[in-house]
Trainee: 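Quick one: the structure is below, and I'll ask about it shortly.
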Amino acid sequence: MAAKIPVLICGGGPVGLALAVELGSRSIECMLVERGDGVVKVPKMSQLSTRTMEFCRRWGLAQQAKQAGWPAEHPGDFIYLTSMTGYELFRQRFAPYSQQGDLSYTPEGPRQCPQIFFDPILLRHAASLPSATLRHRTRLESFEAGVDGVSTEITSMETGRTWKLAADYLVGCDGFDGHVRKALGVAYQGSGVLSYSLSIFFRSRELATLHDKGWGRFYRLVDSSGHWSDLIAIDGRELWRLTLFHADPEIEIDGFDSHGALIRAAGKTFRYEIISVLPWKRRELVATSYGRGRVFLAGDAAHQMSPTGGLGMNTGIGDAVDIGWKLAAIIDGWGGPELLDSYEIERRPVALSSVAASSDTYVYETSLPRSTAIAETSPEGERARQQFAAALRGRRGAGNERLHEEVKMSYCYENSPINWPDETAAPLTKGRKSGVTCRSGARAPHAWLGNGRSTLDLFGDGFVLLRFDRTQDATPLDDAAAARGVPLRVIDVADSHIANLYGRKLVLVRPDGHVAWRSDRCPDDAGRIIDRVRGFSNPASNL
Ligand SMILES: Cc1cc2nc3c(=O)[nH]c(=O)nc-3n(C[C@H](O)[C@H](O)[C@H](O)COP(=O)(O)OP(=O)(O)OC[C@H]3O[C@@H](n4cnc5c(N)ncnc54)[C@H](O)[C@@H]3O)c2cc1C
């Protein structure tokens with residue numbers, strides 16, 4: 001191990017682990033310190049977004065995520081109901097994975113894979129990568145960032161020994177209110193606490209046999225007090241999480257009536273075993289800065305959002321991928337300073353829109369119509385149930401899951417200093433189809449190449465120049481990249497459907513799969529293009 005580690009990652013939650021995987025996949029030496037033992041006790045995030053699954057595909061982890069927990073033959077429905085044994089009010093259907101077939105916009109659709117299954121997949125993979133070192137029960141105590149590096153103080157929680165470790169870069173993936181953000185003096189901005197919630201994680205084989213609603217992913221419980229909780233099927237067998245939307249801010253876990261809440265959700269008594277009870281705060285916050293100098297923030301350290309919509313961890317995984325390839329480019333010697341500047345410019349707007357969509361859904365869900373009669377067996381109850389269903393149909397669609405798929409897929413690094421601006425108009429922010437827009441800054445679209453290979457499988461190692469017309473001379477770009485040590489492959493694609501999808505004869509794709517530049521002809525000054533996408537606005541000084 002080098003005396004100075006290139007990248008020190010503080011925090012071994014899913015985001016820190018994803019960063020270790022991203023750096024380790026690029027053979028960048030990094031060390032992750034995590035004060036905990038690495039065992040995940042609470043499921044938290046339940047569904048990997050399409051984009052997270054696409055990253056998993058690149059890391060070789062998609063199959064493991066698919067097989068982690070949720071049975072492929074269970075539907076993923078969202079079911080509004082008065083209790084598990086009560087009245088069904090409304091259902092948003094999602095076909096079982098086994099019946100979904102190929103999706104038009106991605107090689108990997110979203111997958112139920114809660115953190116109790118996902119974090120260990122990341123952890124095992126990160127630990128297997130030769131350039132990544134994971135240190136559990138190890139805490140970052142303090143750091144001092146200078147022009148040439150970051151000096152840190154680390155403590156082993158096993159032995160109590162404290163030692164100094166020098167790093168070129170430090171990334172704080174240390175969750176909400178983490179030390180790295182506070183030490184940088186970066187504030188959070190936003191509404192703060194939206195509500196006090198509480199999750200009961202429990203085991204019960206019996207619960208699924210009590211009712212006639214069948215399997216779904218989310219059971220949204222609505223009674224005379226309105227939509228009061230969500231019951232989430234964690235593994236489609238016996239693990240469940242009941243999340244209450246409004247808990248007492250001063251709640252004492254010992255005194256909390258978990259039994260009462262579970263019976264209220266089920267509508268009758270049943271056998272269960274409580275695994276944990278976790279009070280938590282639903283927050284809406286984004287850090288005002290994503291880092292300074294050689295220190296960066298990613299994941300919950302940088303943004304906090306309501307889990308309604310499943311955007312929190314998935315947004316953090318996108319951060320890890322973004323900062324990961326940029327740090328790798330700098331450490332490998334071909335990346336310039338604007339790569340690091342672009343991290344905040346690209347990722348903070350994604351957090352702001354994710355936070356807004358999550359809060360929006362929280363307000364939407366908790367303001368659904370209320371009726372004291374909704375669970376009653378009476379004409380008034382029947383009327384209330386019909387009104388509830390009509391209200392859901394009349395609003396923008398129950399559950400908002402499809403809207404969130406848009407938010408998760410269609411973000412575009414529109415104003416990034418490292419992309420060459422597209423000359424086409426920006427796509428509409430609402431109502432466009434998920435992730436199919438090809439433009440500079442957007443995720444390069446998926447199309448099948450044959451034999452189960454996606455266009456997305458072409459990306460990851462360095463830049464890729466897709467050439468849809470062999471008469472175009474790609475040599476100037478190729479040569480300019482080679483002269484600057486920028487890894488670039490020219491790949492010819494002779495498929496008119498994919499050519500139409502990508503919209504230009506030449507499309508340059510970044511290591512993270514986002515489009516950097518598109519044109520119908522190779523530029524006269526190819527060096528300018530390459531310099532911009534590798535983060536040098538003043539290339540002369542670096543040649
Ligand atoms: C009930 C609930 C439901 C959720 N549902 C979803 C969902 O459906 N979809 C979704 O995308 N997200 C969801 N989330 C959010 C998701 O769990 C978080 O966004 C995610 O865990 C953030 O990951 P992270 O790695 O950034 O931070 P964390 O998971 O908080 O990890 C930070 C780690 O840093 C470590 N650490 C802190 N300080 C130090 C230090 N000084 N030295 C060493 N280690 C340190 C901590 O021990 C911790 O392990 C949910 C959250 C909750 C609470």
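Count residues from 1 along the sequence. Every number for a ligand or one of its atoms is a count from 1 in the order of the listing.
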Trainee: Contact between ligand 1 and Asn314 is defined here as a heavy atom of the residue under 4.0 Å from a ligand atom; is it met?
Mentor: yes

Trainee: Below a 4.0 angstrom heavy-atom separation, can you tell me which part of Cys173, side chain or backbone, both or neither, approaches ligand 1?
Mentor: backbone

Trainee: Check Glu141 against ligand 1 and report side chain, backbone, both or neither, counting heavy atoms closer than 4.0 Å.
Mentor: neither

Trainee: Side chain, backbone, both or neither: which part of Val42 comes within less than 4.0 Å of ligand 1 when only heavy atoms are counted?
Mentor: neither

Trainee: May I ask you to identify, for Pro14, whether its side chain, its backbone, both or neither come under 4.0 Å of ligand 1 on a heavy-atom basis?
Mentor: both

Trainee: Just to check, does Val180 reach to within less than 4.0 Å of ligand 1 when the distance is taken from its heavy atoms?
Mentor: no

Trainee: Are Arg58 and Glu22 close enough for a salt bridge, meaning some N to O gap below 4.0 Å?
Mentor: yes

Trainee: If the cut-off is 4.0 Å to any non-hydrogen atom of Gly299, which atoms of ligand 1 fall inside it?
Mentor: 26 (O)

Trainee: Indicate, as side chain, backbone, both or neither, the part of Thr243 found under 4.0 angstrom from ligand 1 when only non-hydrogen atoms are considered.
Mentor: neither

Trainee: So which of Lys281, Arg283, Arg241 gets nearest to atom 3 (C) of ligand 1, if we judge by its closest heavy atom?
Mentor: Arg241

Trainee: Any atoms of ligand 1 less than 4.0 Å from a non-hydrogen atom of Cys10? List them with their elements.
Mentor: 39 (C), 40 (C), 41 (N), 42 (N), 43 (C)

Trainee: Is a salt bridge present between Glu54 and Arg57, judged by a nitrogen-to-oxygen distance below 4.0 Å?
Mentor: no

Trainee: Considering the heavy atoms of Arg139, write down every atom of ligand 1 situated less than 4.0 Å from one of them.
Mentor: 40 (C), 41 (N), 42 (N), 43 (C)

Trainee: For Gly178, state whether at least one heavy atom is located under 4.0 Å from any atom of ligand 1.
Mentor: no

Trainee: Check contact between Gly316 and ligand 1, using heavy atoms of the residue and a distance below 4.0 angstrom.
Mentor: no

